[in-house]
Amino acid sequence: MASLPSVAVNGNLQLDQEFRKHPTSFLPSERSTNVSYQKSHTVINLNGSSEPKSLDFREALSMIREGENVESTYYAPVLQECIDKNSASEAKIVHAHIIKTGTHQDLFVSTFLVNVYAKCGNMEIARKVFDNLPKRNVISWTSLMTGYVHSSQPEVAIHVFQEMLEAGAYPTNYTLGIVLNACSSLQSVNLGKQLHAYSIKYQIDFDTSIGNSLCSLYSKCGSLESAVKAFKKIEEKNVISWTATITACGDNGEAVRGLKFFTEMLSEGIEPNEYTLTSVLSLCCLMLSLDVGTQVHSLSIKLGYELNLPIRNSIMYLYLKCGLINEARELFNGMGAISLVTWNAMIAGHAQIMDLAEDDLSAYQSGTEALNIFLKLNRSGLKPDLFTFSSILTICSGLVALHQGEQIHAQTIKSGFLSDRVVGTALVNMYNKCGSIEKASKAFVEMSTRTLISWTTMIAGFAQHGKTQQALQLFEDMRIAGVRPNQITFVSVLSACSQAGMVNEALGFFEMMKKDYRIKPVLDHFACLIDMYVRLGRLEEAFALVKKMDPAPNEFIWSILVAGCRSHGNLELGFYAAEKLLELKPKDTETYVFLLNMYLSAGRWKDVSKVRKIMKEEKLGKLRDWSWISIKDKVFSFKPNDKSHPYSADTHKFVESLIDQVKSLGYESLESLEVTDEDEEQTLSYTAYHSERLAIAFGLLNTPNAAPIRVVKSLIMCRDCHNFVKFLSTLTGREIVIRDSKRLHKFVNGTCSCGDFGGRL
DNA sequence: CTAGGGTTAG
């Protein structure tokens, strides 16, 4: 790629001097003369009924193929066809003929050729043809720029714009629109604003194509208000203007507002096109509104877009997001032609389902299904792209499927997509979630550029692995690198401090967040601080903070207190917190089980039945204790006391012998009453066969001696199992990683990365 | 010129 003067990207083009040479070109009176090349050509050659010899494309192509001499105007429909078919190879045949007949000296034809190659995405040839043009005009310059913008080389487009100004050509409104689009891709507000200023100065900011481009520029730079302003300024709003505005709302998370624009558009009598409809459907995805989505779907059928692929993709994705897996699959299977986007939507949709899944069984099923889809995609002949890789790596994170994740890592290297920052971040996250902090940080260091999310992901990774110092050091590095932390970054930083019991540091960061970065604390920040006090047994301070916090505590905050009070034996405060928890009537089954266990250990049977009653009334789902381990390409799952498993007998025996062995190291099994499933009222289950023990035992039996063990568990680990695994890691010398429903535990040599969470177990 | 698919915490 051509190297650019940095001034261009920084938005320091000397526009004023250049434009002053041709000030009148922007006067409104001249607007009507800015007819684009496309249009004038179309009028003459394609739709031109005035043209007696309206040429049939086939006829012209066969003449050209046979090497007959044709008039220069004969080329236009053929070249147009190449654009429509997006076929650079066909264009090359025509191009050869043009050269042979010497028609390349014809300005009209050769300029058209630039346009054809640019539209077909072959920028190397487009540039060569452009360089050999007998004469350059604003049309050829603009065609070239359009090509660069479309082939993801916005910097080059701006560079060409600069060349054009230097050459003394002056831009039309259409040219400015293209440059503005290049600014959008680069997120270069500065240059965009300069162009905006000039369009105001020359009073063409109400031009439709400039307004449309301004609208999407401001939207992509995160300023929805400016985008809407630009839209409102447009004198003659067309479908594109409306669509750009609706998209802007969606991109900035304001789905409802986008829908309002859509209804307004309809009431103005403007008919949406396929672009509008897909954009509205993505609003529905944001709102998870199947209702509106279905209506838009019928509208699109009514308007004749039933078979439109983007629309079908959007609807399929909407189904997945709303959890209608079967409907989505039906649509997927019934689609004749599908694109990579279809595959990607399918995989990304499963990642969503995994994320939102109520129970881990369905999460796990979506995950494995997504892996299958990915395999099918690889066999289909299509090549996965950066979207595919980011989604599938996220799937691996959720499944703790390190083996698959590593294979995909290799694939991202081979295909070159690892250089994408989102893919790189997803990879770091995958290694984090699989418990391999070393590989995560290696992947992070190897990234050539990082986003805010990359930094945050890595900080969170260190925090989850109990590497507080590294987390805080990285936070410093991030600030030194000039990256501004966000709300989530601070959640990770605070949780790192909380784990290490670093009260002063945590409070310092909390102040820094509010004062230096003007980030309003949210519940998660308070949760970290309260968790910290609870770990240290400083329950009074935890309660004091809960009382004065803003926003007011939710059930999650109270559940931290309940758990803390229970393990620190402060039942008085515990019951107070429990009552608050009950008042809020959370639907979270796990929270209730916590509560249940607290009453159980206090022997307060009346309260036990009270809680059980509420659980029934609230129709809370039962908790399934369930673990899985993935060994090579296979996944093995275990239920507690699971006897159904083919290897069950061996595994159970092995668990028994492991318990005996760790007893000699000092392990004492807690005879506590740990309820995991409200249905099994009388069987206060014996912890010996909690699912993770079976999964670990199975892993120990079926992997090489020193190999790490990685297990996923659907519930929070109980205290006894946590203690047991600590001893087990010493006994076996293995690294044991368990991801439970709340956090990551990495057991090495008798200690756990979660720091035992100071009593929250 | 406008559309569909991606990454972070608790």
Side-chain angles (χ1 to χ4, degrees), chain A residues 36 38 146 149-150 173-178 180-181 184 207-216 238-248 250 272-282 285 305 308-318 320 339-349 351-352 384-394 397 417 420-430 432 450-461 463-464 485-496 498 522-528 531 554 556-557 560 742-743:
Chain A
S36 82
Q38 271 298 102
T146 311
V149 172
H150 282 147
N173 53 344
Y174 186 65
T175 320
L176 285 181
I178 295 293
L180 282 168
N181 289 336
S184 301
D207 173 86
T208 309
S209 60
I210 288 185
N212 294 349
S213 298
L214 278 173
C215 179
S216 44
N238 59 13
V239 203
I240 299 171
S241 322
W242 287 96
T243 306
T245 311
I246 292 168
T247 309
N273 63 14
E274 69 268 42
Y275 292 91
T276 324
L277 293 168
T278 33
S279 197
V280 174
L281 282 171
S282 82
C285 279
Y305 295 114
N308 179 277
L309 188 54
I311 290 181
R312 295 186 127 200
N313 288 341
S314 306
I315 290 166
M316 193 189 77
Y317 190 55
L318 179 63
L320 286 170
S339 66
L340 184 57
V341 176
T342 319
W343 289 101
N344 288 351
M346 202 67 186
I347 294 170
Q352 293 281 337
D385 69 357
L386 62 172
F387 289 94
T388 329
F389 285 125
S390 353
S391 297
I392 199 68
L393 284 168
T394 306
S397 309
F417 285 116
D420 179 75
R421 297 186 298 178
V422 177
V423 174
T425 306
L427 183 70
V428 173
N429 186 43
M430 186 276 291
N432 275 341
R450 299 163 189 88
T451 64
L452 159 67
I453 298 181
S454 321
W455 290 96
T456 304
T457 304
M458 195 63 236
I459 292 170
Q464 279 162 357
N486 70 2
Q487 207 183 59
I488 300 177
T489 318
F490 276 103
V491 174
S492 301
V493 170
L494 290 178
S495 91
S498 148
V522 294
L523 284 167
D524 293 327
H525 298 120
F526 287 108
C528 291
D531 184 40
N554 66 351
F556 177 61
I557 301 273
I560 297 175
K742 286 276 185 276
R743 53 181 62 75

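Throughout, a chain's letter reflects where its sequence line sits, starting with A, and its residues are numbered from 1.
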Less than 4.5 Å apart, any side-chain heavy atom of [X] and any of [Y]?
| X | Y | value |
| --- | --- | --- |
| A/Leu277 | A/Tyr305 | yes |
| A/Arg743 | A/Gln464 | no |
| A/Pro272 | A/Val280 | no |

Would you indicate which nucleotide in [options] comes nearest to any side-chain atom of [X]?
| X | options | result |
| --- | --- | --- |
| A/Phe556 | B/dG4, B/dT8, B/dG10 | B/dG10 |
| A/Thr456 | B/dT2, B/dG4, B/dT8 | B/dT8 |
| A/Ser339 | B/dC1, B/dA9, B/dG4 | B/dG4 |
| A/Asn486 | B/dG5, B/dT8, B/dA3 | B/dT8 |
| A/Thr394 | B/dC1, B/dT2, B/dT7 | B/dT7 |
| A/Gln464 | B/dC1, B/dG5, B/dA9 | B/dA9 |
| A/Pro310 | B/dT7, B/dT8, B/dG4 | B/dG4 |
| A/Ile488 | B/dT2, B/dT7, B/dA9 | B/dA9 |
| A/Val422 | B/dG5, B/dT2, B/dT7 | B/dT7 |

**Item:** From CA spacing to verdict: side chain to side chain contact (heavy atoms under 4.5 Å, CB included), A/Asn432, A/Met458
**Value:** CA-CA 8 Å; A/Asn432 275 341; A/Met458 195 63 236; 4.2 Å; yes
Measure the distance from [atom1] on [X] to [atom2] on [N] and round it to the nearest whole Å.
| X | N | atom1 | atom2 | answer |
| --- | --- | --- | --- | --- |
| A/Arg312 | B/dG4 | CZ | C1' | 14 Å |
| A/Asp207 | B/dT2 | CG | C1' | 15 Å |
| A/His150 | B/dC1 | NE2 | C1' | 8 Å |
| A/Met458 | B/dT7 | CE | P | 19 Å |
| A/Leu340 | B/dG5 | CG | P | 13 Å |
| A/Trp455 | B/dT8 | CH2 | C1' | 14 Å |
| A/Leu281 | B/dT2 | CG | P | 19 Å |
| A/Asn273 | B/dC1 | CG | C1' | 12 Å |

Any side-chain N or O of [X] below 4.0 angstrom from OP1/OP2 of [N]?
| X | N | value |
| --- | --- | --- |
| A/Ser495 | B/dG10 | yes |
| A/Asn181 | B/dT2 | yes |
| A/Gln487 | B/dT8 | no |
| A/Asn429 | B/dT8 | yes |

Just checking [X]: base, sugar-phosphate only, or nothing, at a heavy-atom cut-off of under 4.0 Å?
| X | result |
| --- | --- |
| A/Ala460 | sugar-phosphate |
| A/Leu309 | base |
| A/Val239 | nothing |
| A/Phe490 | nothing |
| A/Ser216 | nothing |
| A/Thr342 | nothing |
| A/Ser213 | nothing |

**Prompt:** What residues, two or more places apart in sequence or in another chain, satisfy side-chain contact (heavy atoms from CB on, under 4.5 Å) together with A/Asn238?
**Reply:**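 With sequence neighbours excluded, A/Asn238 shows a side-chain contact (heavy atoms from CB on, under 4.5 Å) to A/Thr208, A/Asn212, A/Ile240, A/Ser241, given in chain and number order.
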**Asked** Who passes side-chain contact (heavy atoms from CB on, under 4.5 Å) against A/Ile488, sequence neighbours left out?
**Response**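 A/Ile488 satisfies side-chain contact (heavy atoms from CB on, under 4.5 Å) with A/Thr456, A/Asn486 only.
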**Request:** Just do the side chain to side chain contact (heavy atoms under 4.5 Å, CB included) check on A/Ser314 and A/Ile311 with the steps written out, would you?
**Result:** CA-CA 5 Å; A/Ser314 306; A/Ile311 290 181; 5.6 Å; no
**Prompt:** With a 3.5 Å cut-off and just heavy-atom distances, do the side chain of A/Asp385 and the base of B/dG5 make a donor-acceptor pair?
**Reply:**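 In this structure, the two groups form a donor-acceptor pair.
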**Prompt:** Has A/Phe387 got its ring stacked on B/dG5, by the test of a centre gap below 5.5 Å and a plane angle below 30°?
**Reply:**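 Base of B/dG5: stacked against A/Phe387.
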